[in-house]
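The structure under discussion appears below in the form of structure tokens.
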Amino acid sequence: METPRPFSLLCELTYRCPLQCPYCSNPLDFARYKHELETAEWQRVLTEAVALGVVQANFSGGEPLLRADVPEIIRHARELGLYTNLSTGGTLLTEKLARELRAAGLDSLQVSIQDADAENSDCMAGGAPSFEKKIRAARLVKKTGFSLTLNVVLQRQNIGRIEAIISMAEELGAERLELANTQFNGWALKNRAALLPSRAQVEHAAVVARAASERLKGRMEILYVLPDYFEQFPKACLHGWGRVFLTVAADGAVLPCQTAREIRGLRFENVRERSLEKIWFESETFCKFRGTDWLPEPCQSCPRKEIDFGGCRCQAFLLAGDATVTDPACSLAPKHHLITEALAEAGTNEKLIFRTAVESLQVS
Amino acid sequence: MNTIADISKPRLAAKARLKWDAVREKHLLLFPEGVLVLNKTAHDVLALCDGQRTVAKIINALATQYAIEANAINADVKEILQKLSQKTFVTLDD
């Protein structure tokens, strides 16, 4: 079967961030990566991406608005005909910048908020006041004429306030609300005992989200993603390794997904060394888990193999120590007990390790 | 909203954009974190959703374009608009 071309490129413009959320999807050792790609390099990446078949560019980080060249990069993307989306923590968004982004042709602007009130939200973002700035940013997004998507990571500490979170999104006039139960990679895995909700919490939240989604049909789209720790089968991670998505990290490494760096033993090629097209089609890492031929049992004989491709490689590595095995989140996985054990530990620890450069540099 | 009224004026949502994908040779609808590959009819309908044309006008325009009777595509066009408005890709101004 012919290798499909990617639709969507994630550009992590920087790993730097003013916030310290304990579930960040950036690698634990993010502080070690210096030499961010420069403006001209990002522009070249985007040009290569379009030739490869990418139609959509998502900009994130760390905090992408820490880079002064964001409007310039967006302008280039727009000139190439890409649909552009930027995800920000919101604390750095000013009216002037919002208008510059609009003028540059940005299609969609997403703001993340950690909770429905200042005290809880500020705490989860690392402690410094950020909630008011985020609310202000959300209003600016609307005022500037963008469609507003609110990103809220759900975890044990805020999942009980899902109704208030949905109300907040409605009040802000969001067209879209992403309620993303945290995936347990990197930082979130370190904090799993404090962040993993109970089954009852997750099921209640799902009911609330479904009801709100029905009530708001046509006005606000609500996306509720169930954490796969609570599902019988895993998700097809990003629709499959090396099929639809690719990520270029702040230092130019090309990744099948933003957390793939956690997998030890994989070598990631860099846009400074090779073209995006060559990396997508030929690199060892992209080819390694693409498709279904490489799948171990029980996946190889499983009727679901073309549906979920054996689940998430990062999760397999982080939990089972081996990226080639069935994702332990699958109820049929030999290592599924690792999930059961994690569920039993949920809520046994409240202490959070926040995403700081100091903490990052201490990680081996 | 259960039925699409003939007098409604559908408009492509601000967050969504039509694109011709030269690499794959397909019509696409692009929106935040998603891509919809459009069949010809869906694309042709969306291309006419400018907030000025009524549903009736869109149906008539397509009937002319395809050289068929308006009755033959009435239901299909409305079904397409119904699905797209439920996903908030199209707003239906009255």
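In this text, all values refer to a predicted model and were calculated from it rather than measured experimentally. Every chain is numbered from 1, with letters handed out A, B, ... down the list of sequences.
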Heavy-atom contact with chain B under 4.5 Å, split by part of A/Leu148: neither
Is chain B contacted by the side chain of A/Val50, its backbone, both, or neither, given a heavy-atom distance below 4.5 Å?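 Contact with chain B involves the backbone of A/Val50 alone.
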Atom pairs, donor to acceptor, chain B/chain A, distance under 3.5 Å:
unit_1: B/Lys15; atom_1: O; unit_2: A/Tyr83; atom_2: OH; d: 2.3
unit_1: B/Arg17; atom_1: NE; unit_2: A/Asp107; atom_2: OD1; d: 3.2
unit_1: B/Arg17; atom_1: NH2; unit_2: A/Leu82; atom_2: O; d: 2.7
unit_1: B/Arg17; atom_1: NH2; unit_2: A/Asp107; atom_2: OD2; d: 2.6
unit_1: B/Lys19; atom_1: NZ; unit_2: A/Gly81; atom_2: O; d: 3.2
unit_1: B/Arg24; atom_1: NH1; unit_2: A/Gly53; atom_2: O; d: 2.7
unit_1: B/Arg24; atom_1: NH2; unit_2: A/Arg5; atom_2: O; d: 2.9
unit_1: B/Arg24; atom_1: NH2; unit_2: A/Pro6; atom_2: O; d: 2.8
unit_1: B/Arg24; atom_1: NH2; unit_2: A/Gly53; atom_2: O; d: 3.2
unit_1: B/Phe31; atom_1: O; unit_2: A/Gln56; atom_2: NE2; d: 2.7
unit_1: B/Glu33; atom_1: OE2; unit_2: A/Gln110; atom_2: NE2; d: 2.9
unit_1: B/Gly34; atom_1: O; unit_2: A/Gln56; atom_2: NE2; d: 2.9

